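Here the structure is laid out as structure tokens; the discussion comes afterwards.
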2 protein chains.
Amino acid sequence: MRYRREEIVAKAVEALDAYGLADLTMRRLGTELGVQPSALYHHFANKQTLLAAMADEILVRASWPTEGDWMDRAGAICLVLRDQLLAYRDGAELVATVHAFGLGATQPVGLLSAALDEGAIGALGPTAVRTLLHFVYGHAVDEQTHLQAAAAGAIDDAATSGDGRDGDDFATGLGIVIAGIQVMRAVSPSR
Amino acid sequence: MRYRREEIVAKAVEALDAYGLADLTMRRLGTELGVQPSALYHHFANKQTLLAAMADEILVRASWPTEGDWMDRAGAICLVLRDQLLAYRDGAELVATVHAFGLGATQPVGLLSAALDEGAIGALGPTAVRTLLHFVYGHAVDEQTHLQAAAAGAIDDAATSGDGRDGDDFATGLGIVIAGIQVMRAVSPSR
DNA sequence: ACCTGAACACCGTTCAAGT
DNA sequence: ACCTGAACACCGTTCAAGT
């Protein structure tokens, strides 16, 4: 079988969802494609590069909001981002790792920067964007870890459902960060 | 050589600082102690448990603030936490990972919860604590990654020093989150 | 352009046996 | 109580050679 880069990324995302990040090895992906693991290195310099391409693929599949004023849009982008991270097994950990490593996952940064720029937030913008992303990634990784632990049966549903790491909790936390951005914008106005 | 659990944790933290998390293998730690890797499994069920003990050790070494009203104290705790994470090579990644995995690193949660409780913040408390921690861990991991990339010479200092991921940026981001907590506390008062 | 086959230099973990 | 020695079942990556 002969593949192109795009096909390998698609298959890798599929394998991620099926087996999880820990079991997504170059050897396993090779088997999944009916190819030797070494063949993958014709398409990707190393595993990190492949993971970055997977993160970008997952992010590009989301339908990002474009309507609303800057505050509504920033909030909507964060909600869509969270949903997209939770839509794939270990999606939050994958995207957060790639972002931290600085090799990809830049789409949310661009979208949020554009939204906040319309808010004439000035020098606060980059810090505000990073603060939003730290919240979204941190919360999504937390939530996904606990959802998967519960699904594995290690923790029973009754014990975990009450600790608030759910959609309401996400909305509340997001509200805290956005309210904080508004306050700091008022304190040190743009320019 | 015969060791007790405490001595192994201390040596492991030392090895972390010297070689980094990626090179802290059970085999390498065994060598460092003059012991077979399998000997470590007499003291720790697995590597995750050892990493959790290391995270707790790093956190317990900090001198945590106890003075001031709830807001000042919450802010001071976050500043001390950040400093402590940056004080050890890969300290931020280690503690963030252990915390996400749910096997330790609970001290900051307890300290922040206690501080916010004095603020009579009610049902918002747990969400506020998690939002603060997502910010601190996310920011510290980011900063440490970039500091170490710069130290490795991959990026020159001039290019990185201007991107704002420094102490001022941390203070600004922390200001956003704390201001947000104040606002949301006012909106939905305790109880 | 894309893949095979074989190797290199590693991992975490288990377990019987030793002192 | 703590450690050794040997094994098991893996990793990511490289590289000459094939088509």
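Throughout, protein chains are lettered first and strands after them, A, B, ... in sequence-line order, and every chain is numbered starting at 1. Just so it is clear, the structure is predicted and the values come from calculations on it, not from any experiment.
The interatomic distance linking B:Lys47 (NZ) with C:dC11 (P) rounds to 9 Å, in whole Å. The interatomic distance linking A:Arg28 (CZ) with D:dC11 (P) rounds to 8 Å, in whole Å. If you take CG of B:Asn46 and P of C:dG12, they are 11 Å apart, rounded to a whole angstrom. Atom pair A:Arg5:CZ and C:dA1:P shows a separation of 15 Å (rounding to whole Å applied). Rounded to a whole Å, the CG atom of B:Leu29 is 13 Å from the P atom of C:dT13. If you measure from atom CG of A:Leu40 to atom C1' of C:dT4, you get 13 Å, rounded to the nearest angstrom. Atom P of nucleotide C:dA1 and atom CZ of A:Arg4 are separated by 14 Å, given to the nearest angstrom. If you measure from atom CG of B:Leu51 to atom C1' of C:dG12, you get 12 Å, rounded to the nearest angstrom.
Taken residue by residue, residues 13-27 of chain A places heavy atoms nearer than 4.0 Å to DNA chain D at A:Thr25, A:Met26, A:Arg27.
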Chi angles and distances behind the side-chain contact (heavy atoms from CB on, under 4.5 Å) call for A:Val183, B:Ile176: CA-CA 8 Å; A:Val183 170; B:Ile176 286 176; over 6 Å; no
Given Watson-Crick or G-U pairs with both distances under 3.5 Å, what dot-bracket string fits DNA chain D, with | for other-strand pairs and [ ] for crossing? ||.|||||...|||||.||
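As rounded to the nearest Å, D:dA9 and C:dC10 have P atoms that lie 22 Å from one another. Separating the C1' atom of C:dC11 from that of D:dA7 is a span of 14 Å, rounded to the nearest Å.
Annotation: salt bridge (Lys or Arg N to Asp or Glu O under 4.0 Å) contacts of A:Arg2 (sequence neighbours excluded): none. For A:Asp83, there are no side chain to side chain donor-acceptor pair (under 3.5 Å) partners, not counting sequence neighbours. Evaluation of the ring pair (Phe, Tyr, Trp, His ring centres under 6.0 Å) rule for A:Tyr137 yields A:His99 as partners, not counting sequence neighbours. Qualifying salt bridge (Lys or Arg N to Asp or Glu O under 4.0 Å) partners for B:Lys11, counting only residues two or more places apart in sequence or in other chains: B:Glu14.
Contact check for B:Met184 versus B:Thr127: no side-chain heavy atoms found under the 4.5 Å cut-off.
Other residues sharing a hydrophobic cluster with A:Phe101 under the 4.5 Å side-chain heavy-atom criterion for ILVMFWY residues are A:Leu103.
Annotation: salt bridge (charged side-chain N to carboxylate O under 4.0 Å, His left out) contacts involving residues 86-114 of chain A, sequence neighbours excluded, are absent. Applying the salt bridge (charged side-chain N to carboxylate O under 4.0 Å, His left out) test to residues at least two apart or on different chains, none of the pairs has a partner in residues 29-39 of chain A. Sorted by first and then second residue, the salt bridge (charged side-chain N to carboxylate O under 4.0 Å, His left out) pairs involving residues 38-62 of chain A (not counting sequence neighbours) are A:Glu57-A:Arg61.
Applying the side chain to side chain contact (heavy atoms under 4.5 Å, CB included) test between B:Tyr3 and each of B:Arg5, B:Met1, B:Glu6 identifies B:Met1 as the sole match.
At the phosphate of D:dG5, OP1 or OP2 sits under 4.0 Å from a side-chain N or O atom of B:Gln36. In this model, the phosphate group of D:dA1 is not approached by any side-chain N or O of B:His43 to a distance below 4.0 Å at OP1 or OP2.
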Identify each donor-acceptor pair in which a side-chain atom of residues 69-78 of chain A lies under 3.5 Å from a protein atom, sequence neighbours left out, and give them as a table.
from	atom 1	to	atom 2	distance (Å)
A:Asp69	OD1	A:Met71	N	3.4
A:Asp69	OD1	A:Asp72	N	2.9
A:Arg73	NH1	A:Glu118	OE1	3.4
A:Arg73	NH2	A:Glu118	OE2	3.2

Its contact letters, B for base, S for sugar-phosphate only and - for none at protein heavy atoms under 4.0 Å, make nucleotides 14-19 of chain C read BB---B
